[in-house]
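The following block contains the structure, expressed as structure tokens.
What you see below is based on every heavy atom in this structure, not just the backbone, and it leaves out hydrogens, waters and symmetry mates.
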Amino acid sequence: MAFAVTSSSSSTAISGSSFPRSSASPDPKVPQIGSVRFADRHATVNLSRRRCAVKPVNAEPKRNDSIVPLAATIAAPEISEKIEAEDFEQLAKELDNASSLEIMDKALEKFGNDIAIAFSGAEDVALIEYAKLTGRPFRVFSLDTGRLNPETYRFFNEVEKHYGIRMEYMFPDAVEVQALVRSKGLFSFYEDGHQECCRVRKVRPLRRALKGLHAWITGQRKDQSPGTRSEVPVVQVDPVFEGLDGGIGSLVKWNPVANVDGKDMWNFLRAMNVPVNTLHSQGYVSIGCEPCTRPVLPGQHEREGRWWWEDAKAKECGLHKGNLKQDSAAQLNGNGNGASHANGTATQSDIFNSQSLVTLSRTGIENLARLENRKEPWLVVLYAPWCHFCQAVEESYVELAEKLAGSGVKVAKFRADGEQKEYAKTELQLGSFPTILFFPKHSSKPIKYASEKRDVDSLMAFINALR
């Protein structure tokens, strides 16, 4: 992924290793990319120590207009000078009373060119200011959903000029947006919840961006949403998204302003005289897409202006869905995991939805497991729609199914939670969600996919080795 990089000592745009370099400038040293791997429940991650040696250039780098980040497609350099594995849960405790500036400095020091600030166009411009104050190079990216307020687009431009940077904008897939709008209209989220639209316009572009990084920096604060963000740590292993190395646990998430009060945030912005979105002066506090954001009244909480027609206790679009507790997620109304019936029971809206996928019933998977001479091999995911890890692998699995359509390999899903869980554990090797099984053509016993890497290429290599 190509990102903007700035230095506090100059307002001139400078180029990271993903940008083409000016022929007149000296070659910057390319930093070594660390290895981040999930180790255990305490979130221990291996890193390599490296210093960022990005040098300024006098010419503005060429814009990379591809919606696919370059960092997600290039091969990583060899790893050198490894340091001991680090416990980010312990680091979060050590930094809990640290200043936002100290936390930002620690994040940029540890990850250098492999970390980027996620900028939403709201008050998290403070993150860019903190990054500038550290004196270290930094990267910034933002998600352009195509439905932002005009004021937000003007604000993006103002921030770029103020800091002398070029942000890298991630866009939703045009085909997915077209399919959603054609089938359900422009404002379907008012009727069936915002999760589907957010998944297409925000979550999937974010997932593409993060696959080019080892860490990212967000503007989450504990006081933004008591129902979902009250326990946000200053640093954590991301529970949902994957980083450059692939697999759950391969990405570190920094929240430098997690412990900052909203009033103190605004005092800081005023003191530093930084640009702010003009929507704030019109009563907007938390700013998202235009159809889903409105001003709040005096005394209302800032998140009440987001998706105001939905459950006030669960105001997350999916970018930070790891904040949601499992029991809350199971009863979430319109936020991607379920809707409550009048009798108080909860149902989950399904995932892995594609015409290229076969939905197996209990009888169907029992029959498949009994067959000894199948006409075609099968790939089956055992999942639960409320599971964050299942949601994280959804895009890769659906893409894989579409690639394998007509290839002679059937791709299917089997919902294995609830009353089906015991059967799946005893008969289908279910250990945790998601579990992916390959049923070979001439064998009755399914083969379990054991790797934590669940990207399309890794899954395809698994299938090709067995079919």
| query | Is there a donor-acceptor contact under 3.5 Å from the side chain of Asp87 to the main chain of Gln90? | reply |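 Yes, the answer is positive, given that a donor and an acceptor are paired below the 3.5 Å cut-off.
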
| So how far is it from Ser120 OG to Asn277 CG, rounded to the nearest 0.5 Å? |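 With rounding to 0.5 Å, OG (Ser120) is 9.0 Å from CG (Asn277).
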
| message | Quick one, His214 and Ile115 - any side-chain contact, counting heavy atoms below 4.5 Å? | response |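 Heavy-atom side-chain distance check fails, nothing below 4.5 Å.
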
| Gap separating the OG1 atom of Thr152 from the CZ atom of Arg147, nearest 0.5 angstrom |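 Going from OG1 on Thr152 over to CZ on Arg147, the span is 14.0 Å.
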
| query | How about Glu290 and Asn149: does a side-chain donor come under 3.5 Å of a side-chain acceptor? | reply |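 The answer is no; no qualifying pair exists.
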
| request: Flag the pair Leu368 / Val380 as yes when at least one side-chain heavy-atom distance between them is below 4.5 Å, and no otherwise. | output: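 Heavy-atom side-chain distance check passes, below 4.5 Å.
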
| Is Glu196 paired with Lys184 through a side-chain N to carboxylate O contact shorter than 4.0 Å? |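 The answer is yes: the pair qualifies as a salt bridge.
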
| field | More than 12 heavy atoms from other groups under 6.0 Å of CZ on Arg182 | value |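 Atom CZ in Arg182 is not crowded, with 12 or fewer foreign heavy atoms closer than 6.0 Å.
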
| message | Checking the side chain of Asn259 only, and the main-chain atoms of Asp96 only, is there a donor and an acceptor separated by less than 3.5 Å? | response |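 Yes, because the side chain of Asn259 sits within donor-acceptor range (under 3.5 Å) of the backbone of Asp96.
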
| task | Please check if the distance between the ring centroids of Tyr449 and Phe462 is under 6.0 Å. | result |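 Yes, close enough.
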
| said: Nearest 0.5 angstrom please: Asp144 CG to Met167 CE, how far? | reply: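 Nearest 0.5 Å value for the CG-CE distance: 10.5 Å.
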
| message | Minimum heavy-atom separation for Pro440 and Ile447, please, with both atom names. | response |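 Minimum heavy-atom separation between Pro440 and Ile447: CG-CD1, 3.8 Å.
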
| Whether over 12 other heavy atoms sit under 6.0 Å from Lys445 NZ |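 No, the 6.0 Å shell around NZ holds no more than 12 heavy atoms from other groups.
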
| query | Tyr383 versus Phe414: any side-chain heavy-atom pair under 4.5 Å? | reply |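 Answer no - side chains too far apart.
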
| field | Within 45° cone and under 6.0 Å: Arg415 NZ/CZ vs Phe433 ring | value |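 No - Arg415 does not lie over the ring of Phe433 by the 6.0 Å and 45° rule.
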
| Is it true that a side-chain atom of Tyr397 and a backbone atom of Ala412 form a donor plus acceptor pair closer than 3.5 Å? |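 Judged by distance alone, yes, a pair lies under 3.5 Å.
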
| said: With side chain to side chain donor-acceptor pair (under 3.5 Å) as the criterion, how do Ser286 and Arg306 come out once you've worked through the C-alpha distance, each side chain's angles and the decisive distance to 0.1 Å? | reply: CA-CA 7 Å; Ser286 179; Arg306 304 287 295 275; 2.7 Å; yes

| query | Does the side chain of Asn367 reach to within under 4.5 Å of the side chain of Thr363, using non-hydrogen atoms? | reply |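 Heavy-atom side-chain distance check passes, below 4.5 Å.
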
| said: Check this for me: does any side-chain nitrogen of one of Glu394 and Lys413 sit under 4.0 Å from a carboxylate oxygen of the other? | reply: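 Lys413 and Glu394: not salt-bridged.
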
| message | Show, in sequence, the C-alpha distance, side-chain angles and deciding distance for Met104 and Leu127, and conclude whether the side-chain contact (heavy atoms from CB on, under 4.5 Å) test is met. | response | CA-CA 8 Å; Met104 177 67 75; Leu127 297 175; 4.1 Å; yes

| task | Output yes when a side-chain donor or acceptor of Ser458 lies under 3.5 Å from a complementary backbone atom of Asp455, and no otherwise. | result |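 No.
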
| When rounded to the nearest 0.5 angstrom, what distance separates OH in Tyr423 from CG in Leu382? |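 Rounded to the nearest 0.5 Å, the OH-CG separation comes out at 9.0 Å.
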
| said: Taking Trp216's backbone N and O only, do any of them form a donor-acceptor pair with Lys253's side chain (distance below 3.5 Å, no angle check)? | reply: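 No, because the side chain of Lys253 does not come within donor-acceptor range (under 3.5 Å) of the backbone of Trp216.
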
| said: Main chain of Val409, side chain of Arg467: is a donor-acceptor contact present, judged purely on distance under 3.5 Å? | reply: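 Absent.
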
| request: Decide yes or no on side-chain contact (heavy atoms from CB on, under 4.5 Å) for Leu428 and Thr435, but give the supporting numbers first. | output: CA-CA 9 Å; Leu428 298 174; Thr435 291; over 6 Å; no

| request: May I ask you to say whether Lys106 pairs ionically with Glu102, meaning some side-chain N is under 4.0 Å from a carboxylate O? | output: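 Judged by the 4.0 Å cut-off on N to carboxylate O distance, Lys106 and Glu102 do not form a salt bridge.
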
| query | Is it true that a side-chain atom of Arg139 and a backbone atom of Ala116 form a donor plus acceptor pair closer than 3.5 Å? | reply |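 Checking the backbone N and O of Ala116 against the side chain of Arg139, no donor-acceptor pair under 3.5 Å is found.
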
| said: Using ring centroids (six-membered ring only for Trp), state whether Phe156 and Tyr169 fall under 6.0 Å. | reply: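 Close enough - the centres of the two rings lie under 6.0 Å apart.
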
| request: Using atom types as modelled and distance alone, determine if a side-chain donor or acceptor of Ser100 lies under 3.5 Å from a backbone N or O of Pro256. | output: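 Yes, Ser100 side chain to Pro256 backbone: donor-acceptor pair under 3.5 Å.
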
| said: Test side-chain contact (heavy atoms from CB on, under 4.5 Å) on Asp350 and Phe352; report intermediate values, then the result. | reply: CA-CA 7 Å; Asp350 205 9; Phe352 298 112; 6.0 Å; no

| request: State, to 0.1 Å, how close Ala401 and Ser356 come at their nearest heavy-atom pair, and which atoms those are. | output: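 Answer, listing the atom of Ala401 first, then Ser356: O-CB, 3.6 Å.
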
| message | As a quick check of understanding, evaluate side-chain contact (heavy atoms from CB on, under 4.5 Å) for Val240 and Gln391, giving each step before the final call. | response | CA-CA 8 Å; Val240 175; Gln391 295 166 9; 5.9 Å; no

| Closest non-hydrogen atom pair between Pro377 and Phe438, with its separation |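 Minimum heavy-atom contact is CB-CZ, 3.5 Å.
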
| request: Mind listing the closest non-hydrogen atom pair of Ile103 and Leu95 along with its distance? | output: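 Closest pair (atom of Ile103, atom of Leu95, distance): CD1-O, 3.9 Å.
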
| field | Validation row: Glu242, Leu251 side chains within 4.5 angstrom (heavy atoms) | value |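 No; the side chains remain at least 4.5 Å from each other.
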
| request: Identify the two heavy atoms, one from Val237 and one from Gly249, that lie closest to each other, and give their separation to 0.1 Å. | output: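 So the two residues come closest at CG1-CA, 3.6 Å.
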
| task | State, yes or no, whether a side-chain contact exists between Phe189 and Cys292 at a heavy-atom distance under 4.5 Å. | result |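 A side-chain contact under 4.5 Å exists here.
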
| query | If you measure from the Lys or Arg side-chain nitrogens to the Asp or Glu carboxylate oxygens, is any gap between Arg221 and Asp223 under 4.0 Å? | reply |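 Counted as a salt bridge, because a side-chain N and a carboxylate O are separated by less than 4.0 Å.
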
| field | Sidechain-backbone polar pair: Asp238 side chain, Phe241 backbone, donor-acceptor under 3.5 Å | value |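 Flag set: sc Asp238 to bb Phe241 pair under 3.5 Å.
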
| query | Is a side-chain N or O of Glu89 found less than 3.5 angstrom from the main chain of Val235, in a donor-acceptor match? | reply |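 Checked: no pair found.
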
| task | Please round to the nearest 0.5 Å and tell me the distance separating atom CG of Leu400 and atom CD1 of Ile436. | result |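 Those atoms lie 8.5 Å apart.
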
| query | For the atom pair NZ (Lys421) and OG1 (Thr426), what is the distance rounded to the nearest 0.5 Å? | reply |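 Rounded to the nearest 0.5 Å, the NZ-OG1 separation comes out at 12.5 Å.
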
| request: Check whether any side-chain heavy atom of Glu123 sits under 4.5 Å from a side-chain heavy atom of Ile287, and report yes or no. | output: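 A side-chain contact under 4.5 Å is absent here.
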
| said: Could you report the tightest heavy-atom contact between Pro434 and Val393, atom names first, then the distance? | reply: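 So the minimum-distance heavy-atom pair works out to CG-CG1, 3.9 Å.
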
| request: Taking the six-membered ring for Trp and the single ring otherwise, decide whether the centroids of Phe141 and Phe119 are under 6.0 Å apart. | output: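 They do not qualify: ring centres at least 6.0 Å apart.
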
| query | Any ion pair linking Arg204 and Asp173 (charged N to carboxylate O, less than 4.0 Å)? | reply |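 Here Asp173 does not pair with Arg204 in a salt bridge, since their nearest N and O are not under 4.0 Å apart.
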
| task | Quick one: do Glu395 and Arg207 satisfy salt bridge (Lys or Arg N to Asp or Glu O under 4.0 Å)? Show the steps, please. | result | CA-CA 9 Å; Glu395 182 180 14; Arg207 184 173 291 132; 3.2 Å; yes

